[in-house]
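Here the structure comes first, spelled out in structure tokens, and everything after it is commentary.
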Amino acid sequence: MKDQGFLEEIIIAGFGGQGVLSAGMILAYAGMLEGKNVAWLPSYGPEMRGGTANCNVVLSDDPVGSPVVSQADTLIVMNGPSLDKFENHVRPGGIIIVNSSLIERKVSRKDVTAYYFPLNDAAAELGSAKAANIVLLGAYMALKGFPQKPAVLESFLKVFGEGKKKFLPINEQALLKGQSLVN
Amino acid sequence: MAKVLMKGNEALGAAAIKAGCRYFFGYPITPQNEVPEYMAREMPKAGGVFVQAESEVAAINMVYGAASTGARVMTSSSSPGISLKQEGLSYIAAAELPCLIVNMMRSGPGLGGIQPSQADYFQATRGGGNGDYYMPVFAPASVQELVDLVPLSFDLADEYRTPVMILGDGMIGQIMESVEFHEAPPRPLPSKEDWITVGTGEKRSPHIVNTLRIVPEVLEKFLNGYFNKLETIKQKECRWEEYGLEGAEIVLVAYGTTSRIVKSALASLAGEGIKAGLIRPITLWPYPQRAFDRIPPSAKALMSVEMSAGQMLDDVKIASAGRWPVHFFGRSGGMVPTPGEVAGAVKQLLGDRE
Amino acid sequence: MTTVQEKSRGLTGSEFSYCPGCTHGIIHRLVAENLVELGVLGQAIGIAPVGCAVFAYDFFNCDMLEAAHGRAPAVATGIKRVLQDNVVFTYQGDGDLAAIGTAETVHAAVRGENITIIFVNNAIYGMTGGQMAPTTLLGQKSTTTPAGRSRETQGAPIRVCEMLATIPGAASIARVSVDSPANVRKAKKAIKTAFETQIAKKGFSLVEVLSTCPTNWGLNPVESLSWLRTNMMPYYPLGTFRSPDEEAK
């Protein structure tokens, strides 16, 4: 299927309050603004109340077939339980982005590329601990080369509403911070 | 209008308001909670009314009342809640009231689970409530198709004076996809003036919305007219999609969420040189039996793929009329089949046949 | 020649289907007369129950619906939310309102729906042939309480007005009887007050009318009126339980 054009399947997972759902939503929105077919599918129900959250994001040149990501191209994990749960849901050759601020262990698989970024520490350095999910987006963009920053910033307003416009500068800083973790 | 990224449940609400629906009566149940929440926020802005009823039973009866005034009205729920609405649905069908009912299916039976399922197919397509009735049932496979089917559903409801159901599942409700809201092509609709209960103004004789026809001759006469109406719907309103039928060795049949998983499976099978096609019913009632006449001679078997223990399978067998062996692959209990599983089932079947 | 009495134009003139001695006919007439006298017959939309009054849509000379058993208050809600200036009423028996439709009744009151409920309480299921109602009295025999209703197995009967009076959205709640000319006049006034409450958009209104069922009580019409006074009135006292004039609690 990979030879049919661009297809990127992503799982983002963490605990409630880390902004994993909104990070996925921004990614999907930005993908749409850049002309991709996109789907964002959250975990829902009691699981959300239980403190864990995850979402599947699919970005594709073709109409999105299954929105359920069983073998991700990219797995992003914000806490330890999420790495345990989803480590095997990455296709061979895929990547795993690990939030090393909160996850001590290393990825055990050898057939994937693992990146370790201290997302919470980086956000704290900016004075905005809640922006770890935006730092994460910056790191993702630097690793993957998409989506572009203007689309991400526009998506930020779409997802959080125009009322959050005053937070755009700090979020732009968070994106740059995330990019700097890669470069 | 520009594309926007919307959750299925919210896009449903937006499409309904855009289609002129101004009355929503509902009750919370996962995974369709965003529908009543959206309506509670947005209906008042559109000059409409949202009521959170005390139960699904009450909500469907509020729909019965509001529909009798000629207003565009809807309710939504998920499987166990839709079961509670069956009494009202039977009455609405019998009183020939137009309205829209949406079921974002979850797994059952009983309280079941909250993950996506297609196990309410029988309930939706065989009436569900008591008595001899059917209603048009649409099965969207994407948020865009959901949005496009909403105005059509309201129009068909008005044209045929019937409840119409949109049968989605937890995934269609929860997924966010890009959508565009199109202007629905205007459809000439019959006047409601000669039956709505809005007060006589003491200028005409009373209108009566009623489902009690206690004299058998009277009820049979009504039903004969009603069945004629259903026959017209069967003739005119079947909708389906054909995908990759040409030269297909096997034709899969799937609807809603499952059909897009099947499409992913077909792509990977094609990569292995296996030609498989898809018939995707968009109307589940009336069932698009004519689609099966278009299956090419290359096809040696059919396979119904569902998130159930095999319910649409019965309709596939009826439509196949013994022309092909009919097989089944399904996951149930809220498990969503993967493209790999579907492709595997196809390969196993074709291998077994050789 | 002067006319001293005439048929209300609030009724269609169709012959009532009720048993001899049953007071449904009187109650129908009181509702119809009030709709005419308040000048709202043309705006009225009524909802018939499942029970003896199931054919009420043939008798009231206004737009009518027939609802599923117990669901009339929900149906009325649906209508009233669309047509806020019409007069919407339900006409329900004790089984319809206080057993299968309890939730619909209570929550229409909770929402303070501007609808009027005419609740006919005859302490028995009439149409199905004399089974126990939620309002059947202790010791009262019915086909499903052959030894008489017992507190131990069936519980004591429900007092609907007293229960609804605890709900802030219930603006006008009264219990009346039509066992005597004086009580018929009071009943008519109570129904008028209920409709006026709705017209003034002050909230939910309900009038409970104690009624007879000679057929299923196994009594003649006169004995039935006496039985109602002797047995029902002590347990179901007449009076006003909520008035639109009092401050909402």
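Every chain is numbered from 1 and lettered A, B, ... according to where its sequence line falls, protein lines coming before strand lines. Computation of the quantities below employed the complete heavy-atom set of this structure, encompassing side-chain atoms and omitting hydrogens, waters and symmetry-equivalent molecules.
Contact of B:Arg204 with chain C is made through the side chain alone, with heavy-atom distances under 4.5 Å. Contact annotation for B:Ala58: both backbone and side-chain heavy atoms come within less than 4.5 Å of a heavy atom of chain C. Looking at B:Ile60, neither its backbone nor its side chain comes within 4.5 Å of chain C, counting heavy atoms on both sides. Of the two parts of C:Asn61, the backbone and the side chain both hold a non-hydrogen atom closer than 4.5 Å to a non-hydrogen atom of chain B. For C:Ala44, the part lying under 4.5 angstrom from a heavy atom of chain B is the backbone only. Neither the backbone nor the side chain of B:Val63 comes within less than 4.5 Å of any heavy atom of chain C. When heavy atoms are compared at a cutoff of 4.5 Å, C:Leu83 approaches chain B solely by way of its side chain, counted from C-beta outward. For a residue to count as touching a neighbouring chain, one of its non-hydrogen atoms must lie under 4.5 Å from one of that chain's; by this rule C:Ala67 touches chain B with the backbone only. Neither the backbone nor the side chain of B:Val73 has a heavy atom closer than 4.5 Å to any heavy atom of chain C.
Looking at heavy atoms from C-beta onward, B:Arg126 lies in side-chain contact with B:Tyr121 at the 4.5 angstrom threshold. Between C:Asp58 and C:Thr12 there is no side-chain heavy-atom pair separated by less than 4.5 Å.
Residues B:Lys85 and B:Ser77 have side chains that never bring a donor and an acceptor to within less than 3.5 angstrom of each other.
Closest approach of C:Ile115 to C:Ala108, counting heavy atoms only: CD1-CB, 4.1 Å. In terms of heavy atoms, B:Leu84 sits closest to B:Glu56 at CD1-OE1, 3.3 Å. Shortest non-hydrogen contact noted between B:Ala15 and B:Val147 is CB-O, 3.8 Å.
A centroid separation of less than 6.0 Å is found between the aromatic rings of C:Phe60 and C:Phe89.
For the options B:Val51, B:Val198, B:Thr211, B:Ile196, heavy-atom pairs under 4.5 Å to chain C are most numerous at B:Val198. Of the listed residues (B:Asn210, B:Ile214, B:Val57), the one with the most heavy-atom contacts under 4.5 Å to chain C is B:Asn210.
Classification of C:Arg29 and C:Glu33 as a salt-bridged pair holds, one side-chain N sitting under 4.0 Å from a carboxylate O.
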